[in-house]
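Shown next, in structure tokens, is the structure this report addresses.
Letters go in sequence order (proteins before strands), and every chain restarts at 1.
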2 protein chains.
Amino acid sequence: MKTVPRMPGAREVPSAATLKHVAERAGVSPITVSRALNKPAMVSADLRDRVRLAVDELGYVQNRVAGALASASSPVIPVVVPSLSNAVFVETIQGIQEVVQRAGFQLLLGNTEYDLDREHAWISTFLGWSPPGLILAGTRHQPRTRALIERWGRPVVEIMEVGAKPIDMNVGLSHGAAGAAMARHLLERGHANLLFAGCRIAEDYRAGQRFRGFDRALASFGAARRPPLTRNVPSSPALGGDMLVEALRLDPPPGAIFYANDDLAVGAILRAQREGIAVPGRVAIAGFNGLDISGLVTPGLTTIVSPRRAIGRIGAEKLLGAIEVGSPKVRRVDVGFELIVRGST
Amino acid sequence: MKTVPRMPGAREVPSAATLKHVAERAGVSPITVSRALNKPAMVSADLRDRVRLAVDELGYVQNRVAGALASASSPVIPVVVPSLSNAVFVETIQGIQEVVQRAGFQLLLGNTEYDLDREHAWISTFLGWSPPGLILAGTRHQPRTRALIERWGRPVVEIMEVGAKPIDMNVGLSHGAAGAAMARHLLERGHANLLFAGCRIAEDYRAGQRFRGFDRALASFGAARRPPLTRNVPSSPALGGDMLVEALRLDPPPGAIFYANDDLAVGAILRAQREGIAVPGRVAIAGFNGLDISGLVTPGLTTIVSPRRAIGRIGAEKLLGAIEVGSPKVRRVDVGFELIVRGST
DNA sequence: CTGAAAGCGCTTACAG
DNA sequence: CTGAAAGCGCTTACAG
């Protein structure tokens, strides 16, 4: 392989074909090659074919970095999420991926592990890539993060929950309303001493919003309220089972448990089954998210379906729309939720 | 906000602080600012502090694109996987993320949906980002893809299965050996008429390797062999249940079913429970992957644990090692697997 | 430990 | 529909 000579600004790297080489081979200018590749409609069919041929012959791979520097915009969409352990975020990312990939963008993924300092670091790094827009899970950020994004000035979509004042656009659902809906359902079913159980509900503040919506609804119905049962480790089915056992030792024992998510709730049902705890006879169990497996356990899990794939898709579509034609009229989309009642309550 | 004047090569964009602005403010040269940020050890503590201060005052965000172009290398690690629906790849990605993030790299994620044309497209695009290395799930690629990567010449790790001839480095396990181990176990338990059940085992060729290892082992033990039960849709717990029902209608009905993965197998156990099918009395059930939930269903699922998080971690570590100090001696790591015997067999 | 010069490989308006 | 010139914001060796 050829190497470029050592000169100021040069590095010792096998020299790959560049636009210039393709242009020479096709007998056109580099500009024409650039257009044939990026805006084929602007180039005559004849030249387009000659360029295509030269590209194939040379095995030319476009240098996206140079393109991004020259155009001050990269074909990437950064997505910042708080966790990958939770299937919800993975499915949301899939929804985003579906849409942005079709539009020729790549996904840059940042995982904050529910740490707002890390969120700031990710966003700051990502902005250095000159992306045309940004997708963030959540509406809670540090003030400096918000300031950074606002100064930056390009389109942003905050997804998952609908929040008080979005930075730009916002797609999600009301977790407070979801919690309230579950409280009403459990009371209507005649359960008493309702308990909320979740993990890290300070960091996972959407779970906290569900708890507060749940708790306020209990108050409004005049039902007994109690503090949530919490653990400071990530959710898992095994933990949901442990928390069930712990909850049943409380005095009075809960007549129903509303788990912060289906991972926990499914684990509770499996544990109940294993230990012969009657559900919902002794204790009713409900979850949140509507994971596929919630319908397969016995009894089936009553849960609330969060349309997370749709959140990803709609969020990405709004972002792409704003990138292409400027920010839209509708800044907020509440995708709602659906209560699915099954045997567990 | 200020905008730059319209000139050839310039775009109408609010002008953000650049290295030059930071340099002016700190009273040093841009080179020094670059070093203070990227190689702080090369700069005196005094200048480092002045630069830091200027950076904060101006809210300077490093332009990674320009840095990548100048240095012919981006701080990104592209990762190409065949699916995100499968928890296995998500956990592998988490293992990779853990390691590369600590080293200051970002993850570029490509999902091929088990389509090798899309794999080629992703890799081709990713190479245009000048990454220092590449992580690919799988060892099967189109010849043109292999040629592209080999010409490129930087470190590559192929993960998931140990394959015949890695492009560069390889971390995974032998899926054939895993299939054989499960066949031996089921035969030792006295089960007969063993059946393999999976989805899309042509595209998901690692599942195919498990089947072939399983099938060859049956042959070597003189046990009855039969074609696999397959479906041409993605795996899911619900589908595993359906396939159980279908399998039991075969003549002769299987004494044990080895599912291609735990998603299917867990679904089969839940369905068996719901329909009162005795496991393992009427039919034994086994899976592959060792998902957490496999230990929580009743009966517990016999499965093979694939150390996927470790595969991600080790793969990323090998890649970073090769990026820093050149390709290592050990090109292949077989991480092995573990058979976990529970009540379902 | 610090700096001046050159260059990375593209794309952007403008003119034709 | 096509092209010449300038510039994007950094980093790389080299010299001091």
Using a cut-off of less than 4.0 Å, is there contact between a side-chain N or O of A/Ser71 and OP1 or OP2 of C/dT11?
-> no
Donor-acceptor list for residues 61-70 of chain A side chains, cut-off 3.5 Å, not counting sequence neighbours:
| unit_1 | atom_1 | unit_2 | atom_2 | d |
| --- | --- | --- | --- | --- |
| A/Asn63 | OD1 | A/Val65 | N | 2.9 |
| A/Asn63 | OD1 | A/Ala66 | N | 2.9 |

Sequence neighbours excluded, which residues qualify as side chain to side chain contact (heavy atoms under 4.5 Å, CB included) partners of B/Asp56?
-> none
Looking only at side-chain atoms of [X], point me to the closest of [options].
X: A/Ala66; options: C/dG3, C/dC10, D/dG9; answer: C/dC10
X: B/Thr32; options: C/dG9, C/dT2, D/dG9; answer: C/dT2
X: A/Leu19; options: D/dG3, C/dC10, C/dG3; answer: C/dC10

Rounded to whole angstrom units, what separation is found between the [atom1] atom of [X] and the [atom2] atom of [N]?
X: A/Leu69; N: D/dT11; atom1: CG; atom2: C1'; result: 12 Å
X: A/Trp129; N: D/dC10; atom1: CH2; atom2: C1'; result: 12 Å
X: B/Ile31; N: C/dG3; atom1: CD1; atom2: C1'; result: 5 Å
X: A/Arg64; N: C/dT11; atom1: CZ; atom2: C1'; result: 14 Å

In chain order, what residues pass the side-chain hydrogen bond (donor to acceptor under 3.5 Å, both in side chains) check against A/Ser85, with sequence neighbours excluded?
-> none
Can you give each donor-acceptor pair under 3.5 Å made by side-chain atoms of residues 24-33 of chain A, sequence neighbours left out, with the distance rounded to 0.1 Å?
| unit_1 | atom_1 | unit_2 | atom_2 | d |
| --- | --- | --- | --- | --- |
| A/Arg25 | NE | A/Glu57 | OE1 | 2.6 |
| A/Arg25 | NH2 | A/Glu57 | OE1 | 3.1 |
| A/Ser29 | OG | A/Ile31 | N | 3.4 |
| A/Ser29 | OG | A/Thr32 | N | 3.3 |
| A/Ser29 | OG | A/Thr32 | OG1 | 3.2 |

Could you identify which residues of residues 33-55 of chain B place a heavy atom less than 4.0 Å from some atom of DNA chain C, listed by residue number, or say none?
-> B/Arg35, B/Met42, B/Val43, B/Ser44, B/Leu47
Is a side-chain N or O of A/Arg308 found less than 3.5 angstrom from the main chain of A/Thr92, in a donor-acceptor match?
-> no
With sequence neighbours left out, write down each residue that passes salt bridge (Lys or Arg N to Asp or Glu O under 4.0 Å) with B/Glu317, or none if nothing qualifies.
-> none
Is A/Val333 close to A/Asn170 at the side-chain level, that is, under 4.5 Å between some pair of heavy atoms?
-> no
Please list, one pair per line, the donor and acceptor atoms closer than 3.5 Å that link side chains of residues 129-140 of chain A to other protein atoms, with sequence neighbours excluded.
| unit_1 | atom_1 | unit_2 | atom_2 | d |
| --- | --- | --- | --- | --- |
| A/Trp129 | NE1 | B/Gln106 | OE1 | 3.0 |
| A/Thr139 | OG1 | A/Glu161 | OE2 | 2.7 |

In short, salt bridge (Lys or Arg N to Asp or Glu O under 4.0 Å) pairs touching residues 98-109 of chain A with sequence neighbours left out are A/Glu98-A/Arg309, A/Glu98-A/Arg313
Which pairs count as salt bridge (Lys or Arg N to Asp or Glu O under 4.0 Å) when at least one residue sits in residues 110-132 of chain B, sequence neighbours excluded?
-> B/Asp117-B/Arg144
For DNA chain C, produce a single dot-bracket line, 5' to 3'. Pairs: Watson-Crick or G-U wobble, both distances under 3.5 Å. Symbols: ( ) within strand, [ ] crossing, | other strand, . unpaired.
-> |||.||||||||.|||
Name the residue closer to the 5' end of DNA chain D, choosing between B/Val65 and A/Ser29 according to the nucleotide with the nearest heavy atom.
-> A/Ser29
Restricting to pairs with a member in residues 88-117 of chain B, which pass ring-ring contact (aromatic ring centres under 6.0 Å, His included), not counting sequence neighbours?
-> none
Expected list for residues 56-63 of chain B near DNA chain D, using heavy atoms below 4.0 Å, is B/Tyr60, B/Asn63
